[in-house]
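Single-structure report; data block below.
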Amino acid sequence: MDGFDIKTGVILIAATNRPDILDPALLRPGRFDRQIVVDRPDLVGRQAILKVHARGKPLGRDADLDVIARRTPGFTGADLANLINEAALLSARRGFKEISMAAMEEAIDRVIAGPERKTRLMGEKEKKVIAYHEGGHTIVGHALPHADPVHKVSIIPRGRALGWTLTLPTEDKYLVSRGELIDQLAMMLGGRVAEELTIGDFTTGASDDISRATATARDMVTQYGMSAKLGPMTFGQKESQPFLGRDFGHQPDYSAEVAFEIDREVRALVDQAHDEALEVLVANRAVLEELADMLMERETVEKEELAALLAKVTPRPSRKIKPLMNGSGNGRAPSGKSVVGKLRRMPTEPVARATRKPARDA
Ligand code: NHX
Ligand code: ZN
């Protein structure tokens, strides 16, 4: 640090997950003056990390670390180390001398969702509910153009879940669009909607899907500025809440009227996603039945085995999202034709193509 003897040749390195709440004095030149962002690894990073952890371990001939790297977007270095370790343990337990590709694939699922619990005895009736639920996620996800492709579906309990549908992005992604989030919402509710449709009732099982969908919808409105009514504003200090000892976060930075609007917009997003999932499943009811039967029989189905069945799903038309126009202008003379008022508010319906590019400052 400056102010002390600068000739000692000591370099001080520190790590934090919360650079945003450090005392700015710590970050001044001469102190901790360089910040190196260490993000989750991208594809190339994952390949390199896997190689490091596989060093000295007997990999089977079929083991392909590049495929594993492609299958693990979002994994941290620690997750990848854990993956190799789990794969080694699984192989040893099965009496193999080498780590096979199958062991690594199983290890991926273990890291994501926990170990399989094959011993849990499920009645046929509950098994069928689970099959419909997972079938619902899969079919809704497949029908929606912006949802990630389904990689694997299973009704074998794993970790806390009785069944699961694994989707994988086709590449590393750092941005998610509003259209993608809307499709993700419908997919998250696809399990619950399938229960409604097929058993004429529904279970407690969808609790996690529902809470994730609600959280996503709320983030869309309060963090990402994705509601036309509320506009591109932040409501609440989401990011800084969990670790703060200080009294931030308790007092909302918006009025009760705005709180009411937020709730209404969140509800509208969730309702819309629910209805879209319902429409998809009603239109593809026969495929849902077929997939549920397939799951009852095979319990876990992989992408390749799903292809023929999913080819029968009627896809939803792709959605065009128009600019969110809700301001009333800035008093400046319009630079072209005014577009305010010509664009309707709910931005999820198809847009009538504007003849002129909307002026940025209109
Ligand atoms: C229970 N579990 O709690 C039983 C054991 C609807 C077919 N009485 O949505 O397994 O009901 O698509 C992370 C991951 C709670 C946190 C999963 C918290 C699951 C999972 C509840 C499938 N798959 N629900 C799903 C499920 C349940 C739960 C979780 C979680 C079911 C569903 C759990
Ligand atoms: Zn679910």
Side-chain angles (χ1 to χ4, degrees), residues 74-76 79 82 106-144 147-169 181-219 242 269-271 273-278 280-281 284 287-303 306 309-310 313:
F75 273 43
T76 61
D79 290 333
N82 187 214
E106 166 64 17
I108 293 176
D109 296 346
R110 281 181 161 240
V111 173
I112 295 175
E116 273 190 351
R117 298 165 63 175
K118 277 210 158 152
T119 50
R120 166 162 279 183
L121 279 180
M122 304 293 303
E124 284 296 294
K125 225 175 125 191
E126 285 208 319
K127 237 176 109 174
K128 192 76 192 242
V129 174
I130 303 172
Y132 278 131
H133 179 106
E134 302 312 329
H137 284 305
T138 303
I139 287 172
V140 173
H142 186 77
L144 294 173
D148 289 332
V150 174
H151 191 85
K152 203 188 276 191
V153 201
S154 176
I155 61 167
I156 299 174
R158 193 182 269 284
R160 292 178 61 193
L162 298 171
W164 43 279
T165 302
L166 176 66
T167 56
L168 273 179
L181 288 172
I182 286 174
D183 283 6
Q184 280 177 20
L185 282 181
M187 179 167 186
M188 286 181 219
L189 294 179
R192 152 63 176 262
V193 171
E195 292 182 38
E196 290 174 28
L197 192 63
T198 55
I199 64 172
D201 195 356
F202 37 82
T203 70
T204 53
S207 63
D208 185 56
D209 293 333
I210 292 172
S211 81
R212 285 190 307 123
T214 311
T216 299
R218 188 162 286 277
D219 282 349
L269 282 169
V270 173
D271 283 349
H274 176 279
D275 293 355
E276 180 149 43
L278 186 60
V280 168
L281 291 178
N284 296 286
V287 193
L288 175 62
E289 294 290 342
E290 210 182 317
L291 179 52
D293 287 340
M294 191 176 185
L295 283 168
M296 289 294 282
E297 202 183 299
R298 297 211 223 154
E299 299 192 319
T300 301
V301 189
E302 308 245 357
K303 189 182 194 129
L306 283 170
L309 195 144
L310 290 181
V313 171

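We count ligands from 1, going down the list as the structure has it; atoms in each ligand are counted the same way.
- Between K152 and D109, at least one side-chain N (NZ, or NE/NH1/NH2) sits under 4.0 Å from a carboxylate O, which counts as a salt bridge.
- A salt bridge between R158 and E106 is present, with a side-chain N of the basic residue lying under 4.0 Å from a carboxylate O of the acidic one.
- Considering CD of E289 and OG1 of T198, their distance stands at 7.0 Å, rounded to 0.5 Å.
- Here the straight-line distance linking atom CG of L295 with atom CG of L306 works out to 7.5 Å at 0.5 Å rounding.
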N/O pairs closer than 3.5 Å, ligand 1 and protein:
residue  : atom   : partner : partner atom : Å
ligand 1 : 9 (O)  : H133    : NE2          : 3.1
ligand 1 : 9 (O)  : D209    : OD1          : 3.1
ligand 1 : 9 (O)  : D209    : OD2          : 2.8
ligand 1 : 10 (O) : L162    : N            : 2.6
ligand 1 : 12 (O) : H133    : NE2          : 3.2
ligand 1 : 12 (O) : E134    : OE1          : 2.8
ligand 1 : 12 (O) : E134    : OE2          : 2.9
ligand 1 : 12 (O) : H137    : NE2          : 3.0
ligand 1 : 23 (N) : E134    : OE2          : 2.9
ligand 1 : 23 (N) : G163    : O            : 3.0
ligand 1 : 24 (N) : G205    : O            : 3.0

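- Excluding water, every protein N/O/S atom under 2.8 Å from the Zn ion (ligand 2) is given here by residue and atom: H133 NE2, H137 NE2, D209 OD2.
- In this structure H137 satisfies the ring-ring contact (aromatic ring centres under 6.0 Å, His included) test together with H133, sequence neighbours excluded.
- H142 contributes atom NE2, which lies 11.0 Å from atom CE of M187 (distance to the nearest 0.5 angstrom).
- Remark: R298 pairs with E305 by the side-chain hydrogen bond (donor to acceptor under 3.5 Å, both in side chains) rule, at least two apart or across chains.
- With 3.5 Å as the limit, one finds no donor-acceptor pair spanning the side chains of T216 and D219.
- E196 has a carboxylate O that lies under 4.0 Å from a charged side-chain N of R192, or vice versa, which qualifies the two as a salt bridge.
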